[in-house]
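First up is the structure itself, then whatever we jot down about it.
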Amino acid sequence: MANDTQLFQAIISHAKEYGFIFPSSEIYDGLQAVYDYGQMGSELKKNIKDHWWKSMTQLRDDVVGIDAAIFMHPTTWKASGHVDNFNDPMIDNRDSNKRYRVDHLVEAHAETLKAAGKEKEAASLVTAMESLLAADDFTGLKKLIEENRINCAVSGTCNWTDIRQFNLMFATEFGATSGEEDNKVYLRPETAQGIFVNFLNVQKTGRMKVPFGIAQVGKAFRNEIVARQFVFRMREFEQMEMQFFVRPGTQQQWYAYWKEQRLQWHLALGLPAEKYRYHDHIKLAHYADAACDIEFDFPIGFKELEGIHSRTDFDLRQHQEYSKKKQQYFDNDVDPATGKPYGNYIPYVVETSIGLDRMFLAVLSHAYQEQDLSTPDKQDSRVVLKFPPKLAPIKMAVLPLNKKDGLPEIALDIINTCKQDFRCFYEEKDSIGKRYRRMDALGTPFCVTVDYQTKEDQTVTIRHRDSMQQERVPIARLRDLVNEAL
RNA sequence: GCGGGAGUAGCUCAUUUGGUAGAGCGGUAGCCUUCCAAGCUUCAGGUGGCCGGUUCGAGCCCGGUCUCCCGCUCCA
């Protein structure tokens with residue numbers, strides 16, 4: 001574990017040193033749990049995003065993409081349950097460091113009173129709590145807890161912190177006048193709702209037939225109480241998510257399908273199966289009838305990377321209720337049981353939701369390797385990022401062996417013929433070995449070296465990042481060679 | 001949020017009991033070499049996290065604050 005912690009630290013340092021990830025606003029000491037992607041990181045992140053988008057939409061005929069706004073009508077979050085469930089006043093016990101929802105704590109105490117036959121006290125306690133909660137009177141609530149000597153179940157003491165409200169949604173003001181409650185809008189805490197509210201728009205204009213899916217990549221925001229572990233848990237993060245709408249009753253089979261399908265997507269990138277596992281949820285969220293996580297073996301242990309949830313018709317039904325707009329679909333397919341069309345229904349939903357930043361961290365931490373290349377005469381080592389070539393920020397570096405004798409000109413020519421197809425990088429400074437190491441540290445899969453023989457026969461060496469082996473190939477073949485690997 | 005630890009150049013660290021900060025690596029410009037990092041020279045880069053206090057004088061002592069790390073907690 002100590003080693004893994006060191007490894008994690010090393011990866012974080014490497015990410016900063018080579019321009020993958022910087023702490024946000026670092027010159028002002030950073031902003032907790034917010035990070036910026038640098039010149040290398042933004043490329044890697046974009047490549048992951050593009051790869052997901054392509055495999056989920058372009059390569060399928062039953063999924064289309066949208067890009068919904070971050071701001072949504074405030075009622076959206078009432079319908080989704082976020083306003084009620086993200087807003088509970090909490091209190092901590094200083095001795096046990098246990099945190100409780102205030103209402104749970106008081107109600108539990110009322111139950112004990114009831115069990116002891118003090119029904120009256122219990123009832124008045126709950127009434128008192130409810131009126132204080134309604135008034136947001138946290139000082140009064142704390143007093144209530146202390147006067148009733150409500151103790152922590154773990155420490156048994158009554159040593160409480162002040163009550164605090166943890167609002168996990170970021171709110172801001174809509175419109176130029178401030179201070180009015182009506183103006184409050186939230187930054188979306190998940191992207192899914194943007195898909196649900198557009199379900200009928202997409203279904204009708206795209207003439208989509210159930211089963212079909214809507215995919216989206218976008219930012220979401222959560223005011224995490226504790227946000228740490230680098231980009232694993234951030235306040236501003238990006239989700240890649242797809243809601244698949246299915247006929248009620250078929251959700252279990254689609255859930256199983258997507259559970260399998262999504263894992264295969266990860267494995268197809270060359271990430272090893274032993275770094276993945278499913279974690280099936282026993283305790284389900286209020287909207288789900290089945291749920292699991294795809295966990296990845298990060299340096300900080302197995303953690304959730306992607307979630308597959310069978311969300312039933314909860315979301316569409318809620319939006320139908322709050323918006324008073326029917327969210328149903330007419331299914332013309334014939335039900336073999338009745339010989340008639342299935343008719344109108346609110347579709348069930350199977351969701352796949354992956355954290356883009358977490359995927360980034362998974363790819364980066366799996367790619368990161370410190371290798372000892374020492375020989376008996378010489379100590380040597382390298383840090384190499386073994387990215388899948390299609391995700392690598394730079395695909396090909398072109399390095400003239402010497403910065404004179406016309407070699408740089410040939411190198412730049414090569415770059416000019418390839419840069420339309422993929423990202424290239426030119427470097428003439430320092431010894432060739434040092435340049436190879438620098439490219440290894442950035443995860444560049446191919447290094448092309450222009451040497452004196454190039455001037456005679458138009459061939460160059462291409463060096464493979466992982467094996468460090470070189471082969472001599474004609475310049476004319478380079479572009480295809482790299483393209484094939486991508 | 002609680003407990004513990006840490007914050008000196010881009011990175012890793014040093015500055016013997018408080019007396020106006022140094023090195024290696026890295027970067028830069030050049031030389032030399034030329035197929036797997038660390039040869040020579042040049043230059044740049046630090047209001048010692050930030051604010052305040054004690055002191056003739058603070059990177060070093062005290063208080064506060066911010067950020068990061070570890071553990072707990074939390075986690076749709």
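FYI, side chains are in, hydrogens and waters are out, and symmetry mates aren't considered; it's all heavy atoms of this structure. Chain identifiers are assigned alphabetically (A, B, ...) following the order of the sequence lines, protein sequences preceding nucleic acid strands; residue numbering begins at 1 within each chain.
- The nearest whole Å value for the distance from the CD atom in E428(A) to the P atom in U28(B) is 12 Å.
- Comparing the same atom, C1', in G59(B) and in G19(B) gives a spacing of 13 Å after rounding to whole Å.
- For the pair E351(A) CD and A76(B) P, the interatomic distance rounds to 13 Å; values are reported in whole Å.
- The distance between atom CD of E190(A) and atom P of C75(B), rounded to the nearest whole Å, is 17 Å.
- Scanning atom types as modelled, no donor and acceptor separated by under 3.5 angstrom connect the side chain of H309(A) and the base of A76(B).
- How far CZ of F71(A) is from OH of Y186(A): 13.0 Å, rounded to the nearest 0.5 Å.
- Between R435(A) and A38(B), a side-chain N or O to OP1/OP2 separation shorter than 4.0 Å is absent.
- For RNA chain B, the residues of residues 458-472 of chain A within the heavy-atom distance limit of 4.0 Å (strictly under) are T461(A), R463(A), M468(A), Q470(A), sorted by number.
- Checked by atom type, the side-chain pair H266(A)/Y276(A) shows a donor-acceptor distance below 3.5 Å.
- Spacing of C1' atoms, G26(B) relative to G63(B), comes out at 38 Å, to the nearest Å.
- Rounded to a whole angstrom, the distance from the C1' atom of G46(B) to that of C13(B) is 14 Å.
- The separation of C51(B) from U67(B), taken at their P atoms, amounts to 16 Å, rounded to a whole angstrom.
- Both D430(A) and V450(A) lie near RNA chain B, and the one whose nearest nucleotide falls closer to the 5' end is D430(A).
- With V460(A) as the fixed residue, the side chain to side chain contact (heavy atoms under 4.5 Å, CB included) test singles out one of V398(A), D451(A), I475(A), L399(A): I475(A).
- Across A37(B), G10(B), A76(B), the shortest atom-to-atom separation from the side chain of H82(A) is found for A76(B).
- When the P atom is used for both A21(B) and G27(B), the distance is 27 Å, rounded to whole Å.
- I432(A) places its CD1 atom 16 Å from the C1' atom of C32(B), with the value rounded to the nearest Å.
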Based on Watson-Crick and G-U pairs with both distances under 3.5 Å, what dot-bracket line describes RNA chain B 5' to 3', crossing pairs as [ ] and inter-strand pairs as |? (((((((..((((........)))).(.(((.......))).).....(((((.......))))))))))))....

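- Inter-residue side-chain proximity for E484(A) and D480(A) is flagged as met; some heavy-atom pair is nearer than 4.5 Å.
- Y37(A) and E238(A) are not linked by any side-chain donor-acceptor pair at a separation below 3.5 angstrom, with hydrogens and angles left out of the test.
- In this model, a side-chain donor or acceptor of R233(A) finds a partner on the base of C75(B) within 3.5 Å.
- Atoms CD1 (I300(A)) and C1' (C70(B)) sit 13 Å apart, rounded to a whole Å.
- The interatomic distance linking E370(A) (CD) with A37(B) (C1') rounds to 15 Å, in whole Å.
- Of the listed nucleotides (C11(B), A38(B), C36(B)), C36(B) has the atom at the smallest distance from the side chain of R437(A).
- A distance of 9.5 Å separates CG in D357(A) from CD in Q239(A), rounded to the nearest 0.5 Å.
- Residues F298(A) and F296(A) place their aromatic rings such that the two centres sit under 6.0 Å apart.
- With both ends at atom P, the span from G22(B) to G45(B) equals 15 Å, rounded to whole Å.
- Listed by residue number, the members of residues 401-411 of chain A with any heavy atom below 4.0 angstrom from RNA chain B are L401(A), N402(A).
- Under the 3.5 Å distance criterion, with hydrogens and angles disregarded, no donor-acceptor pair is assigned to the side chains of T191(A) and Q216(A).
- No contact: K303(A) has no heavy atom under 4.0 Å from any strand.
- Between F302(A) and K275(A), the shortest heavy-atom distance links the atoms CE2-O, 3.4 Å.
- Judged by closest nucleotide on RNA chain B, T449(A) is the one of H281(A) and T449(A) placed further toward the 5' end.
- Remark: Q453(A) pairs with D457(A), R472(A) by the side chain to side chain donor-acceptor pair (under 3.5 Å) rule, at least two apart or across chains.
- Here, A44(B) and C2(B) have their P atoms 46 Å apart, quoted to the whole Å.
- No option in H309(A), R311(A), Q251(A) other than Q251(A) meets the side-chain hydrogen bond (donor to acceptor under 3.5 Å, both in side chains) test with D289(A).
- With distances taken from any side-chain atom of F8(A) to the nucleotides C70(B), G10(B), U28(B), the minimum falls on C70(B).
- Rounded to whole Å, the distance from CD on Q193(A) to C1' on A76(B) is 11 Å.
- Rounded to whole angstrom, the span from the NZ atom of K434(A) across to the C1' atom of U28(B) amounts to 12 Å.
- Taking atom C1' in both U20(B) and U8(B), one finds a spacing of 15 Å when rounded to whole Å.
- The ring-ring contact (aromatic ring centres under 6.0 Å, His included) check on F422(A) picks up nothing, with sequence neighbours excluded.
- Among the atoms of the strands shown, base atoms are found under 4.0 Å from some heavy atom of D451(A).
- S13(A) comes within contact range of no nucleotide atom at all, as no heavy-atom separation falls under 4.0 Å.
- Taking Y278(A) as the reference, K259(A), E260(A), L263(A), C292(A), I294(A) meet the side-chain contact (heavy atoms from CB on, under 4.5 Å) condition, with sequence neighbours excluded.
- At least one side-chain heavy atom of W265(A) sits less than 4.5 Å from a side-chain heavy atom of I354(A).
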